[in-house]
Peer 1: 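Encoded as structure tokens, here's the structure I'll be asking about.
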2 protein chains.
Amino acid sequence: MTFEDILPASPSCADCPIRHRAVCSRCDERELGQLEEIKYYRSFEAGQMVIWSGDKMDFVASVVSGIATLTQTLEDGRTQMVGLLLPSDFVGRPGREFAPYNISATTDLLMCCFRKKPFEEMMFSTPHIAQRLLEMTLDELDSAREWMLLLGRKTAREKIASLLAIVAQRDAAVKLRTQRGRMIFDLPLTREAMADYLGLTLETVSRQISALKREGIIELEGKRHVTVPDFDRLLNEAGDDADGGLPT
Amino acid sequence: MTFEDILPASPSCADCPIRHRAVCSRCDERELGQLEEIKYYRSFEAGQMVIWSGDKMDFVASVVSGIATLTQTLEDGRTQMVGLLLPSDFVGRPGREFAPYNISATTDLLMCCFRKKPFEEMMFSTPHIAQRLLEMTLDELDSAREWMLLLGRKTAREKIASLLAIVAQRDAAVKLRTQRGRMIFDLPLTREAMADYLGLTLETVSRQISALKREGIIELEGKRHVTVPDFDRLLNEAGDDADGGLPT
DNA sequence: ATAGAACCTTGACCCAAATCAAAGAGAGCA
DNA sequence: TGCTCTCTTTGATTTGGGTCAAGGTTCTAT
């Protein structure tokens, strides 16, 4: 499976794997050629570490398929997820040598990587790429801050509803349909990973999901397959009208 | 009082008010002249709103003196601070038309503003400025994510200790001395503002400050004037060895 | 000086979510 | 078919921090 299977090609930029959130909506032939030269693929198994916080990170990358998470931990093991990488998301920090978080694959993961040095050189010589990167970073910052509001002020139920709403919307976006009625998708995270994302325990996550199910706000088939019969009703439980916004 | 009183001038860039965290460590004469043409000062009284979330924001700016906060709120009034602007901090979003958060002055505030349009033009034609802005935005993102760990996983006591440690370090940095022993500074925030920053209630903030005082980890004179007799001991209460990191 | 407002502290009580514990459900495999 | 491992659910109990309430401080204005 390649990114082609997951994301429809942009006609002007068919072979650029990071065209969706990154540099390529305005790439010309020369730039595409340059990107082609410095790109390579890496795949990871579910549970595998992509990079440890503090390690040297000599690439930037785009998620082709699978899910990765960015996490931070305290010394005693308490962990907080600070970002979730879904297909088409970009990760990497031009101008930074070391990774600031743990990045790990929660499912099998395929990433399209670019060597950092040449990527940076390209960025410095190509204004629209630097602009695009700044724009992306500002998007991430907005998402991180929206998540701060969730972590600091929302109840457990609101947190769960917000997460479900965001995953549902991301899923709908990937499938190229935006709807506000019935939505069906698979949760890409374990209860524990959700807990780490929301600043809760896994038991609380489980209980709140059960409660939403009991009340008919969601339907569950197995542990992961979710049907949302009425998206607006779910959104209503999320504590705001926020149209999504998730860290990275 | 001008920024000159607060921040030492960089010799190569004496008149550029955003030299410290923004664009000017490598500015040449021509660029300085351009900045001079588009800059203006705005002052605000304590409690005044600088801008409302969603409003058009046609400037970028640097804090000269005073404190400003970035906040987000839910419809029912629960509010979460997502950033704290201290002297020398930069605020603004090249390429964005509308403000994503409320910005308000918590003390009297002086900002050095640049009209956005010409600032952006300058950025697009000057590679080192775009790079510097990207770097700054990545710093903010790291700080926001560090704050996510605090909001999601730290106890009330650890939150307070973390905030005190950060304010102490920022204060020491402005005074151009870095120390790890005795530190003396004034809290720039009310108990309520601290609560909004930390995702707590003001009563809990007050109780935890009292507890730290009772145990001799801090000394208080009045409500705001703090002495930290042993900085390492305070840091120890913060739950990690983190060397600061605060949302902008 | 005095009144009022804004801010802060402390106490009593309560509750949402954490913790501790045990048992179910699926998936893979021998 | 049953075994085992991982993930999930549910129950019982505890607790950190929220809520409600009453005073205390400090500052400003008169």
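This is a predicted model, so every value here is computed, not measured. Numbered from 1 within each chain, the chains take letters A, B, ... in sequence-line order. For the numbers below, each heavy atom of this structure counts, side chains included, while hydrogens, waters and symmetry mates do not.
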Peer 1: Let me spell it out: for each of B/E203 and A/G222, pick the nucleotide of DNA chain D with the closest heavy atom. Which residue's pick is nearer the 5' end?
Peer 2: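 Looking at DNA chain D, the more 5' nearest nucleotide goes with A/G222.
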
Peer 1: Decide whether a cation-pi geometry holds between A/R93 and A/F98; the criteria are a distance under 6.0 Å from NZ or CZ to the six-membered ring centre and an angle within 45° of the ring axis.
Peer 2: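 Relative to the ring axis of A/F98, which defines the angle, A/R93 lies outside at least one limit.
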
Peer 1: For B/L198 and D/dG16, what is the distance between atoms CG and P respectively, to the nearest whole Å?
Peer 2: 18 Å

Peer 1: Could you tell me whether a side-chain N or O of B/D108 sits under 3.5 Å from a main-chain N or O of B/E45, the two making a donor and an acceptor?
Peer 2: no

Peer 1: Tell me: CD of A/E192 to P of D/dT8, nearest whole Å?
Peer 2: 9 Å

Peer 1: Return the value, rounded to whole Å, for the distance between atom CD1 of B/I160 and atom C1' of D/dG16.
Peer 2: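 Nearest whole value for this atom pair: 14 Å.
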
Peer 1: Kindly say if B/R224 contacts the phosphate of C/dC8, meaning a side-chain N or O under 4.0 Å from OP1 or OP2.
Peer 2: yes

Peer 1: Whole Å only: how far is the CG atom of B/L202 from the P atom of D/dG23?
Peer 2: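 Rounded to the whole Å, the gap is 19 Å.
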
Peer 1: Return the value, rounded to whole Å, for the distance between atom CG of A/L189 and atom P of D/dT6.
Peer 2: 19 Å

Peer 1: For A/S210, answer base if it contacts any base atom (sugar-phosphate contacts may also be present), sugar-phosphate if it contacts only those atoms, and nothing otherwise; contact means non-hydrogen atoms under 4.0 Å.
Peer 2: sugar-phosphate

Peer 1: Donor-acceptor pair, A/S206 side chain versus A/L202 backbone, under 3.5 Å?
Peer 2: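 Absent.
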
Peer 1: Would you kindly give the CG-to-P distance between A/D186 and C/dG26, to the nearest whole Å?
Peer 2: 15 Å

Peer 1: Would you kindly check if the NZ (Lys) or CZ (Arg) of B/R224 is within the cone defined by 45 degrees around the ring axis of B/F185 and under 6.0 Å from the six-membered ring centre?
Peer 2: no

Peer 1: So, the side chain of A/R96 versus the backbone of A/M57: is there a donor-acceptor pair under 3.5 Å, distance only?
Peer 2: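 Answer holds: no.
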
Peer 1: Checking all strands, does B/T190 fall into the base, sugar-phosphate, or nothing category for heavy-atom contacts under 4.0 angstrom?
Peer 2: sugar-phosphate

Peer 1: Can you measure from CG (B/L198) to CD1 (B/I160) and round to the nearest 0.5 angstrom?
Peer 2: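 Here the rounded value is 5.0 Å.
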
Peer 1: Take atom CG of B/L220 and atom P of D/dT25, then tell me their distance rounded to the nearest Å.
Peer 2: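 Going from CG in B/L220 over to P in D/dT25 covers 15 Å.
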
Peer 1: Dump every N/O contact between nucleotides 15-18 of chain C and the protein below 3.5 Å, one line per pair.
Peer 2:
unit_1	atom_1	unit_2	atom_2	d
C/dA17	OP1	A/A156	N	2.8
C/dA18	OP2	A/T201	N	3.4
C/dA18	OP2	A/T201	OG1	3.1
C/dA18	OP2	A/T204	OG1	2.4

Peer 1: Side-chain contact test, heavy atoms from C-beta onward, threshold under 4.5 Å: evaluate it for A/L189 versus A/V167 and give yes or no.
Peer 2: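 Heavy-atom side-chain distance check fails, nothing below 4.5 Å.
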
Peer 1: I need the CE-P distance between B/M194 and C/dT9, as an integer number of Å.
Peer 2: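 To the nearest whole Å, that distance equals 8 Å.
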
